[in-house]
There are 2 protein chains.
Amino acid sequence: MKGNAVFKRSYNQCLRQLAGQAIGASLPSESELAQSLEVSRTTVRSVFASLIDAGIVTVAAGGRRLVRHPGEADYFPDLQTLSAGAAVARRFMEWILQGDFRAGQLLNAAELARQFGTSTTTIREHLAQFQHVGLLERRPNSSWLYKGVTPAFATEIYDVREMFELRSTRSFIELPDDSPPWRELDVIEAEHRALLANIDEDYRTFPQLDERLHRVIHETSNNRFIIDFYDVISTLFHYTYRWNRSDEKQRNTVALLEHLDYIEALRSRDPRAIDARCRKHLRTARATLARSIEFGPFRSPSSPAGVSA
Amino acid sequence: MKGNAVFKRSYNQCLRQLAGQAIGASLPSESELAQSLEVSRTTVRSVFASLIDAGIVTVAAGGRRLVRHPGEADYFPDLQTLSAGAAVARRFMEWILQGDFRAGQLLNAAELARQFGTSTTTIREHLAQFQHVGLLERRPNSSWLYKGVTPAFATEIYDVREMFELRSTRSFIELPDDSPPWRELDVIEAEHRALLANIDEDYRTFPQLDERLHRVIHETSNNRFIIDFYDVISTLFHYTYRWNRSDEKQRNTVALLEHLDYIEALRSRDPRAIDARCRKHLRTARATLARSIEFGPFRSPSSPAGVSA
DNA sequence: AATCTGTTTTTAATGTAAAAAAAACGGAGC
DNA sequence: GCTCCGTTTTTTTTACATTAAAAACAGATT
């Protein structure tokens, strides 16, 4: 009735840790591991029990010891390490990504539950979050309306993003040079230069760096609404990034250079310069999203999913 | 298993309509009434059935006819006309209002379900919306954290509100004089003047007028995020308004005058003037909220509700 | 005293079932 | 053709049950 995703995720994490240990090494205590995995000791205990069952660990005098290194087959599939709720959110975004829904389409919970292999309760509870992302509208005693990733959506989200990011830079430049966010900015800048030097191989790692830069700026706003909104943006980009892979290396290089300019402006602490560079970068990013939308999702060859219209 | 709040609400609405009719008047058709009450014909049918049961209506040749006027006792209590979900949201806000929760307190679903007289499913689904309002934080596999209506909260919400409202005025002044929002503004202004003339008796109706003015402005932004955020503000104010009733008439009069200045600035279409008046008004409103928070909720004489800490 | 682990108690996650409401169907009357 | 209304089918809402995970408790060992 309740998935055991927490257990499976912890089990996998534990296997990864053991993979790096020597045979015979002794394992950490239950509470220690619970803390490092950020789960309860109850979960750690079931993980240990399973590890012993699988013959990976024995309990000898003086504690548990590693018997053999885990193989590929010992891990749980990644898909099972998501809670039912998280899985629903992911699959919903992936359906959008693949163009399985059309803007204006009505979605019904029972059908989605069947398609996603969960219960309507889970669907209802977790689809609600996409109301705040602006992708769904719920009408009482009726179905959900999918509003679509449309050009209007891009405009609205970017208008707010620009307001929020410009505002955040203001609090950012108020902070002293040795505050954690500025330290983080130093690191981020260094990673930008490293990535630029290796752009041919590593250009695909850009999105993570992008996320880190913008997040560190937004977080200095100390405003829960601004930070929550960045979470929305971040989720959205995580998924839409894959829509348009043309010129990926080229686009990432441009963005990297814009980031460096933007960082330079931040260091100057000159609001005018910051606004200019920030706006310029966001304009580029907005255009990229707009083109992705135009380009559209990878329409799957199969017909649109069996969801009533 | 499912409350019949829709039915009860419709039944009451129908009674109100009948109260104004003459005995013997014929009722509208099922589909007609369904449309005007914005419910399904299925619900209308059960309403009609109950009306006949209650002896308020008979079915004669040529349609249903009113037999007697409904009395007070015929109506369902207002409280029962809210869906379980809406009731949870309302009671939650009222508990906050009464100071039953302290900032930083952990809330647990089972306990709240008992207190509110519903199931945990309903609690979980509807408490989620207060995450978006910034009042709750949910930690996976654990309880909810009530973050409190604190001075920080007021600052954060007003910072965003100001950005959004200033931005919205820009789209507002782009619209032609005869567009619906400007027409609505004319009406709102007239009502302001009417209320000012009658301030001694009617000062309590100010919040509705406030809501209408700010909403018509926000809505011209055509931005779902801005409009959603105004919904949050609006909900919050609806409840916090009652925290501090001192100087109510005085404060409302000041706000009315500020509104009129603000409207005048909008008519001038001069961005500088608009910003000044808008900022001034929002500063006043912000200070009012800040004072309400300081003043605090009406601490109920009973101990804080039985929710685990 | 502090940490470790075995056991018990609570609580959150989530599937299932039943009632309410919506939607669809279909015939009758105009 | 169109509206009206009785019936049937779907779908949403919500309570409840069950399992996973967390938290609390308690004895043991260092």
Side-chain angles (χ1 to χ4, degrees), chain A residues 1-10 27-35 37-49 59 62-64 83-88 106-114 117-127 138-144 308, chain B residues 1-10 27-35 37-49 59 62-64 83-88 106-114 117-127 138-144 308:
Chain A
M1 296 222 151
K2 179 184 179 179
N4 54 352
V6 175
F7 162 76
K8 287 176 176 168
R9 195 165 48 238
S10 306
L27 297 177
S29 79
E30 290 176 359
S31 358
E32 220 173 321
L33 193 63
Q35 200 150 36
L37 297 186
E38 297 183 290
V39 294
S40 72
R41 200 163 62 80
T42 310
T43 302
V44 169
R45 280 175 66 79
S46 7
V47 168
F48 278 158
V59 47
R64 304 179 178 83
S83 73
V88 163
L106 293 178
L107 308 177
N108 86 52
E111 182 69 17
L112 285 173
R114 197 163 340 129
T118 51
S119 69
T120 55
T121 310
T122 305
I123 294 281
R124 286 168 58 79
E125 191 170 326
H126 291 267
L127 235 48
R138 187 167 182 187
R139 22 278 302 278
N141 287 307
S142 180
S143 6
W144 305 78
S308 70
Chain B
M1 296 224 151
K2 179 183 179 181
N4 53 352
V6 175
F7 162 76
K8 288 176 176 168
R9 195 165 48 239
S10 306
L27 297 169
S29 80
E30 292 176 358
S31 0
E32 220 172 320
L33 193 63
Q35 199 150 35
L37 297 185
E38 297 184 289
V39 294
S40 72
R41 201 164 60 82
T42 310
T43 301
V44 169
R45 281 175 67 78
S46 4
V47 168
F48 278 156
V59 48
R64 304 179 176 83
S83 74
V88 163
L106 292 178
L107 273 45
N108 87 53
E111 182 68 17
L112 286 173
R114 196 159 348 122
T118 53
S119 70
T120 55
T121 311
T122 306
I123 294 283
R124 286 167 59 79
E125 189 171 335
H126 291 267
L127 235 47
R138 185 163 183 192
R139 19 263 322 269
N141 287 307
S142 180
S143 3
W144 303 79
S308 69

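Reminder, nothing fancy here: chain letters follow the sequence lines and each chain counts from 1.
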Assign each of B:Thr122 and A:Ala109 the nucleotide of DNA chain D bearing its closest heavy atom; nearer the 5' end lies the nucleotide of A:Ala109

Between B:Glu32 and B:Thr42, whichever has its closest DNA chain D nucleotide further toward 5' is B:Glu32

Between [X] and [N], does any side-chain N or O lie under 4.0 Å from OP1 or OP2?
{"X": "B:Ser119", "N": "D:dT14", "result": "no"}
{"X": "B:Arg45", "N": "D:dG6", "result": "yes"}
{"X": "A:Arg41", "N": "C:dG6", "result": "no"}
{"X": "A:Ser142", "N": "D:dT11", "result": "no"}
{"X": "A:Ser40", "N": "D:dA22", "result": "yes"}
{"X": "B:Thr121", "N": "C:dT14", "result": "no"}

Worksheet entry | Base C:dA20 to side chain B:Ser46, donor-acceptor N/O within 3.5 Å cut-off | no

- On a plain distance test, is the side chain of A:Lys2 in donor-acceptor contact with the base of C:dA13 below 3.5 Å? no

Please give, in whole Å, the distance from [N] [atom2] to [X] [atom1]?
{"X": "A:His126", "N": "C:dG15", "atom1": "NE2", "atom2": "C1'", "result": "13 Å"}
{"X": "B:Phe7", "N": "D:dT13", "atom1": "CZ", "atom2": "C1'", "result": "17 Å"}
{"X": "B:Leu112", "N": "C:dT11", "atom1": "CG", "atom2": "C1'", "result": "12 Å"}
{"X": "A:Phe48", "N": "D:dA21", "atom1": "CZ", "atom2": "P", "result": "16 Å"}
{"X": "A:Met1", "N": "C:dA17", "atom1": "CE", "atom2": "P", "result": "8 Å"}
{"X": "A:Glu30", "N": "D:dA21", "atom1": "CD", "atom2": "P", "result": "15 Å"}
{"X": "B:Asn108", "N": "D:dA21", "atom1": "CG", "atom2": "C1'", "result": "15 Å"}
{"X": "A:Ile123", "N": "C:dT14", "atom1": "CD1", "atom2": "C1'", "result": "12 Å"}

Q. When you look at A:Leu27 and A:Leu33, which way does the side-chain contact (heavy atoms from CB on, under 4.5 Å) test go after all the steps?
A. CA-CA 9 Å; A:Leu27 297 177; A:Leu33 193 63; over 6 Å; no

Give [X] one of three labels, base, sugar-phosphate or nothing, depending on what nucleic acid heavy atoms sit under 4.0 Å from its own.
{"X": "B:Arg138", "result": "sugar-phosphate"}
{"X": "A:Arg64", "result": "sugar-phosphate"}
{"X": "A:Ser31", "result": "base"}

So, do B:Glu32 and B:Gln35 sit near enough that their side-chain heavy atoms are less than 4.5 Å apart? no

side-chain contact (heavy atoms from CB on, under 4.5 Å) between B:Asn141 and A:Val6: does it pass, once the steps are laid out? CA-CA 9 Å; B:Asn141 287 307; A:Val6 175; 3.4 Å; yes

DNA chain C nearest-nucleotide lookup for B:Asn4 and A:Thr120: closer to the 5′ end is A:Thr120

Against the side chain of A:Ser29, the closest entry in C:dC4, C:dA12, D:dT13 is C:dC4

Verify whether one side chain among A:Thr43 and A:Ser46 offers a donor that lies under 3.5 Å from an acceptor in the other. no

B:Ala113 and B:Ser119 have their tightest heavy-atom pair at CB-C, 3.8 Å

- Does a side-chain N-to-carboxylate-O contact under 4.0 Å join A:Arg64 and A:Glu30? yes

